Every structure is written in structure tokens, then in C-alpha cells.
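Structure first, then comments.
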Amino acid sequence: MKQNILVELLTFWKNWHFRLLIDLAAKMKFCLPWKSMGVFVTARHRDTTMYAVSADSKGLETVVGLLADVVLHPQLTDEEIEMTRMAVQFELEDLNMRPDPEPLLTEMIHEAAYRENTVGLHRFCPTENIAKINREVLYSYLRNYYTPDRMVLAGVGVEHERLVECARKHLLGAHPAWGSEAAVQVDRSVAQYTGGIAKLERDMSNVSLGPAPFPELTHIMIGLESCSFLEADFIPFAVLNMMMGGGGSFSAGGPGKGMFTRLYLNVLNRHHWMYNATSYHHSYEDTGLLCIHASADPRQVREMVEIITREFVLTAGTVDVVELERAKTQLMSMLMMNLEARPVIFEDVGRQVLATRSRKLPHELCALIRDVKPEDIKRVASKMLRGKPAVAALGDLTDLPTYEHVQAALSSKDGRLPRMYRLFR
């Protein structure tokens, strides 16, 4: 029986000013099929760039050599750079045309929450800047950020000593394509949460990609600062996010799909006119953001915002024991199910070691999840509600409440927006 191995090399870039370079570098290097070994190389990029290989166990040394060559000796030809510019240009155009607003809203909520710093800087490059990126700029980036102290080599299904031996042979003392000049002092800014609002007025009445019409919706995302994944409160926030849950109004499934979460029971089941209510938790090395994304008809935006602010305020209230146990069980189930796939295991190993220099095993994480108590949820939620909100709004914003009204609702006991009185209608 053929035994496969999975090997990856991760580089931690945490450089908030050069996200387009990651787009270009990741797209250019790496779809290299080696059919004789069953190798396929991919690159992914978020806060890390990951080069992953799946191959027969007999080819470990060749695989590590391949990874070292791809990472340290990219050719970056003019043809590759031009093709990648076209790919990035297409993705920017597609972003503005797709009916799913979640990627754009995610960037907007970060822009609002971390105004002009770190994770709040634009991930999507302005179109006019694409042509400015050339080989020299890419090599400069690689020289400063592809350094040994920012890299982790991880493997699954391979003996540790063999992996170390191959790493010494192919990575130790290697001379990269960008030369041996010393790296400059890189940006190590810590994320500064500011709160605020980001709005984008847009006609959402014609976003359907087919003949069937798509309802015109206004999309709102409200977020509050949580914590980094290095803090002890990260686990209670993860449980809270699972407890909020949510999804689209047309989601199908049973208890395993989160149909008993708060955003389903309190929002989607009671308000038929809401098309979506979903909780997201973004966590980084030095900050975190818990958000709720909601969608509805533009004429009901104010009511939708009030429903979401009320759900935020209720997180600091009574936590039902059955509800909490269900959320913890669902989180542990999701964790264990994801770790059944070996590509997820080795990404988990690499990312944990890259961020914390150690790895928590699944049973350790499950023990931390089991230890979460109702008072932990109330404590982290109360702390979260004391901060300023971040708001992102997309679509017809005629009836959008002011930022001050959203902030007042989150500071109130019942989450209601301040009443507005008009002499004339």
C-alpha cells in the first residue's frame, strides 16, 4: 500500500503594507505537477504564505528540495509577472460583480475597526498600483520577509529526524535568488483598534448572474474587538461565536448545521424578511474581531440593525447551560472533524508553531473548551461591549442609523436604537 507524506513550508509575513506582493508571489509560483511522484504544489496566503506538497513517502528528499527551490529560487520572469497582473486585475473586477458581498464586507469591517493601521489597511490593491510591481520590488519583499526566523517546515507521515536531515541539506546555508544582502528592519506594528464606520453606497438590484432575479439587499456588518489567539480568552470567544452561529435564511440541515444557535432561533426564525444573520470571529496575533453580518431589504435596514445590536447586548446576559453545552460540543466536533484530514493537520502544526513556537494537541484544546463556564461567556461579552463598535455597510444606505446611534444601542441595557421623532413624514 502506497504511503503518502505531506510536507509544507510556511513563511510568516505579517507585513500589512505589501499584500499585493503576496498576491503576485503566490499566484506566480506554483502549480507544478510532478506526475511521476504524485506531487502537486499549491500556495495559499492570509497572514502566512504556505507551500504544500503531497507525495509518496519515498520521495521526501526530492520534495523538500522542490520546496526549497520554489521558495528560494523563483525565476519571476516578465511573462509570469504579466500573467499574474492580469489575474489580479480579473479578481478585482470579479470582486465588484459577485453577488456574495462577504469578502468585500470583511475588508470593510477591518478598515473600520483598525483605521489606517495593520489589519485595517486594504488587502485589495488599487487597480492603478498593479503595474508598479516588478521583479525588483518582489525580490526586495522576499529579501526582507523570507528569512529563516519567519519560516517553519512541517510534515505529516514522515519521521522527524529524516525531515530535519533534509532541511539541513536543502535549506541550511542556501543562497536565495535575491542575493545575500541583509534584510531591513521590517514593520512590526501592533494592531490598534479604533472602531468606526465604513460605508459603500451601491446599487444591489442587478447583482444576479443568471436570468433569475436576485432580491435587492442591504448588507450590514457590526463588529466589536475580542482578543488575540494568544490570550486565554480566545477559547471563550470561540465558544461564544459558535453559540451565536447563524447562516442564510435558505440554509438546510439539522442540529449539526447550527439550527439551534441564537441567530437562527432569535433572528432568522422570527423575522422572515431577514435573508442572512451570521457570526464571524477573526483572530490574529495581537487582536481579534467578533462580527455579525446581516442582510435585508433596504426599507428595513434600521430594524435589522436594532435586531443585531440587541443580540450583541444579550450575549452579556443569562447563558443557558444547555445552550452552552451544545455550543461547546459543536465546537469540539468541528475541531475533531477538521483534523481528520491530513492537509488540515499539517497546516495546523505549521501555523501553531509559526505563531506560538509550540503546538496544542486536539485533546488539550478540547479540555480548554470543556472548561468554559457561563460566567466566562458573560465576562468576555461584557468586556467586548465596553469597546467602540466597527460598522460596515454596503448597498442602499438611505435608512442606515448613524454610527452614534449604533454605539448608543450597544451601550444600552436592551440594545434598542434611540427613538427618532419627526414632525412631518
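All of these numbers come straight from a predicted model, not from anything done at the bench. Note that the numbering runs from 1 along the sequence shown for the chain.
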Applying side-chain hydrogen bond (donor to acceptor under 3.5 Å, both in side chains), run through T106 and E102 and close with a yes or a no. CA-CA 6 Å; T106 299; E102 196 271 330; 2.7 Å; yes
Taking it one step at a time, do S228 and D286 satisfy side-chain hydrogen bond (donor to acceptor under 3.5 Å, both in side chains)? CA-CA 5 Å; S228 81; D286 45 18; over 6 Å; no
Before giving the answer on side chain to side chain contact (heavy atoms under 4.5 Å, CB included), spell out for N241 and L290 the whole-Å C-alpha distance, their side-chain angles and the decisive distance to 0.1 Å. CA-CA 7 Å; N241 179 58; L290 184 71; 3.7 Å; yes
What verdict does the ring pair (Phe, Tyr, Trp, His ring centres under 6.0 Å) test give for H110 and H282, after you've listed the backbone C-alpha separation in whole Å, the side-chain angles of each residue and the deciding distance to 0.1 Å? CA-CA 10 Å; H110 281 77; H282 306 279; 5.0 Å; yes
Given the rule in the ring pair (Phe, Tyr, Trp, His ring centres under 6.0 Å) test, do Y193 and Y114 qualify, once you have shown the distances and angles that lead to the verdict? CA-CA 5 Å; Y193 182 85; Y114 305 92; 5.5 Å; yes
Dump the intermediate steps for salt bridge (charged side-chain N to carboxylate O under 4.0 Å, His left out) on K388 and E225, then the final yes or no. CA-CA 8 Å; K388 295 175 63 177; E225 187 179 23; over 6 Å; no
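Within a 6.0 Å radius of CD in E79, other residues, nucleotides and ligands contribute 12 heavy atoms or fewer. For E128, the CD atom sits in a packed shell: over 12 heavy atoms of surrounding residues, nucleotides or ligands are nearer than 6.0 Å. Residue-environment remark: CD (E93) exceeds the threshold of 12 foreign heavy atoms within 6.0 Å. Heavy atoms from other residues, nucleotides or ligands lying under 6.0 Å from CD of E165 number 12 at most. Heavy atoms from other residues, nucleotides or ligands lying under 6.0 Å from CZ of R379 number more than 12.
A distance of 5.5 Å separates CG in L410 from CG in L224, rounded to the nearest 0.5 Å. The distance from atom CD of E80 to atom CG of L76, rounded to the nearest 0.5 Å, is 6.5 Å. For the atom pair Q75 CD and I81 CD1, the distance stands at 11.5 Å (nearest 0.5 Å). Note: L368 CG to H363 NE2 = 10.0 Å, rounded to the nearest 0.5 Å.
Closest approach of L217 to S295, counting heavy atoms only: CD1-CB, 4.2 Å.
The aromatic rings of Y51 and Y146 sit perpendicular to each other, their planes meeting at more than 60°, with 30° as the lower class boundary.
Counting heavy atoms from C-beta outward, L263 and T278 have side chains that stay 4.5 Å or more apart.
Across H281, E231, K383, a single residue satisfies side-chain hydrogen bond (donor to acceptor under 3.5 Å, both in side chains) together with S226, and that is H281.
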